[in-house]
Amino acid sequence: MSRPKKSPRPETSLARARPPAEPRRGRRVLIIEDDVDAAETLREALALCDHEVRVAHDGPEGLKAARKSRPDAVLCDIGLPSMTGYEVAAAMRADRALKKTFLIALSGWSLPEDGRKAIQAGFDQHLAKPPDLDLLEALVANLAAPKPTR
């Protein structure tokens with residue numbers, strides 16, 4: 001006894017009109033954050049968006065990880081132990097291999113002057129903690145072509 005053949009589902013005009021989804025391009029992201037829970041939350045959120053994410057918990061560890069993995073973007077806390085996020089940014093901008101890396105400052109300090117200080121230190125963006133995850137994903141996913149040498 002044979003089963004009756006299922007008729008194919010009719011294609012709706014909405015399905016035909018929908019443009020094909022653009023393929024996502026995952027980025028290599030390094031998070032430098034001394035708060036383990038905050039770092040893990042950011043790692044999980046970005047990993048869900050198809051990014052390859054590594055975590056370091058202080059500045060020296062972060063610089064070592066960045067030199068090894070050459071991330072597309074670094075999310076760096078400003079108030080790190082042993083080396084501030086400003087010092088991390090300065091070290092990355094001075095490193096020939098890392099100077100074009102997209103740097104995002106994460107800080108509990110969110111006054112306009114804090115943002116200006118982060119940009120002056122070499123960061124490309126300044127986000128207050130906790131960052132808006134949609135905005136963070138948009139920043140990481142839409143990284144522009146490499147920046148000119150500073």
Side-chain angles (χ1 to χ4, degrees), residues 11-150:
E11 189 175 319
T12 66
S13 61
L14 179 60
R16 278 192 312 268
R18 193 177 321 144
E22 287 187 32
R24 293 187 89 147
R25 179 172 173 244
R27 303 289 186 168
R28 291 181 320 274
V29 180
L30 173 63
I31 298 167
I32 307 173
E33 170 63 67
D34 60 321
D35 181 317
V36 175
D37 291 335
E40 188 59 21
T41 299
L42 288 170
R43 187 197 66 73
E44 288 176 5
L46 290 169
L48 284 173
C49 296
D50 296 328
H51 300 296
E52 178 186 320
V53 186
R54 295 175 189 232
V55 174
H57 296 292
D58 63 35
E61 180 187 351
L63 287 171
K64 183 177 177 182
R67 289 180 181 123
K68 183 177 179 181
S69 67
R70 303 281 170 84
D72 298 307
V74 172
L75 283 62
C76 186
D77 183 18
I78 296 297
L80 293 168
S82 76
M83 182 179 203
T84 69
Y86 301 125
E87 292 169 320
V88 171
M92 286 190 175
R93 294 301 182 219
D95 186 312
R96 206 167 163 213
L98 300 174
K99 69 168 54 175
K100 294 181 183 179
T101 304
F102 193 80
L103 301 180
I104 302 170
L106 295 175
S107 174
W109 305 312
S110 60
L111 295 174
E113 62 203 46
D114 299 315
R116 284 191 295 276
K117 188 174 179 182
I119 300 303
Q120 289 170 348
F123 286 98
D124 296 292
Q125 290 285 328
H126 176 269
L127 298 178
K129 288 183 182 181
D132 176 289
L133 295 178
D134 290 331
L135 173 59
L136 183 58
E137 164 56 14
L139 285 172
V140 171
N142 298 311
L143 293 177
K147 300 181 296 277
T149 304
R150 292 181 187 226

Student: How many angstroms lie between atom CD of E52 and atom CG of D72, to the nearest 0.5 angstrom?
Tutor: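 So the gap between those two atoms works out to 9.0 Å.
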Student: Would you say L63 and M83 make side-chain contact, with heavy atoms under 4.5 Å?
Tutor: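 Yes, their side chains come closer than 4.5 Å.
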Student: Which atom pair, heavy atoms only, marks the closest approach of R70 to R28?
Tutor: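 Distance-wise, the nearest heavy atoms are O-NH2, 2.6 Å.
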Student: Quick one: does P131's side chain get under 4.5 Å of L42's, heavy atoms only?
Tutor: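 They are in contact (side-chain heavy atoms under 4.5 Å apart), so the answer is yes.
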Student: Identify the heavy atoms of A56 and L30 that sit nearest to each other, and give their distance.
Tutor: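 That would be N-CD1, 4.2 Å.
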Student: Heavy-atom distance under 4.5 Å between the side chains of L80 and I32, does that happen here?
Tutor: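 When only atoms from C-beta onward are counted, I32 and L80 do touch, with a gap below 4.5 Å.
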Student: Can D95 and K64 be counted as an ion pair, charged N to O under 4.0 angstrom?
Tutor: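 Answer for the salt bridge query: no.
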Student: Where do E87 and T84 come nearest, in terms of heavy atoms and distance?
Tutor: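 In this case the closest contact between E87 and T84 is OE1-N, 2.7 Å.
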Student: Which heavy atom of A45 sits nearest a heavy atom of L133, and at what distance?
Tutor: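 Closest approach of A45 to L133: CB-CD1, 4.0 Å.
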Student: With rounding to the nearest 0.5 Å, note down the distance linking OH in Y86 to CD in Q120.
Tutor: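 Separation between the atoms: 9.5 Å.
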Student: For S110 and A128, work out which heavy atoms get closest and say how close.
Tutor: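 Heavy-atom minimum between the residues: CB-CB, 3.4 Å.
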Student: Could you tell me whether a side-chain N or O of E137 sits under 3.5 Å from a main-chain N or O of D134, the two making a donor and an acceptor?
Tutor: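 Looks like no, no N/O pair under 3.5 Å.
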Student: Is there a side-chain contact between L75 and E33, using heavy atoms and a 4.5 Å cut-off?
Tutor: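 Heavy-atom side-chain distance check fails, nothing below 4.5 Å.
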Student: For a side-chain contact (heavy atoms from CB on, under 4.5 Å) with F123, tell me which candidate from I78, L106, V88, I104 qualifies.
Tutor: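 Looking at I78, L106, V88, I104, the match for F123 under the side-chain contact (heavy atoms from CB on, under 4.5 Å) is I78.
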Student: Taking only Lys NZ, Arg NE, NH1 and NH2, and the carboxylate oxygens of Asp or Glu, determine whether R43 and E40 approach each other closer than 4.0 Å.
Tutor: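 Looking at E40 together with R43, the answer is yes, because their closest N to O distance falls below 4.0 Å.
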Student: Measuring from L46:CG to R27:CZ, what's the distance to the nearest 0.5 Å?
Tutor: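 Answer rounded to 0.5 Å: 12.5 Å.
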Student: Rounded to the nearest 0.5 Å, what separation is found between the NE2 atom of H126 and the CD atom of E113?
Tutor: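 Those atoms lie 10.5 Å apart.
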Student: Quick check: closest heavy atoms across L135 and D132, and the distance to 0.1 Å?
Tutor: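 Reported closest heavy-atom pair: N-OD1, 2.7 Å.
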Student: Contact between K129 and D77 at the side-chain level, heavy atoms closer than 4.5 Å - yes or no?
Tutor: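 Side chain of K129 against side chain of D77, heavy atoms only: contact under 4.5 Å found.
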Student: Distance from K117 atom NZ to L111 atom CG, nearest 0.5 Å?
Tutor: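 Here the interatomic distance stands at 12.0 Å.
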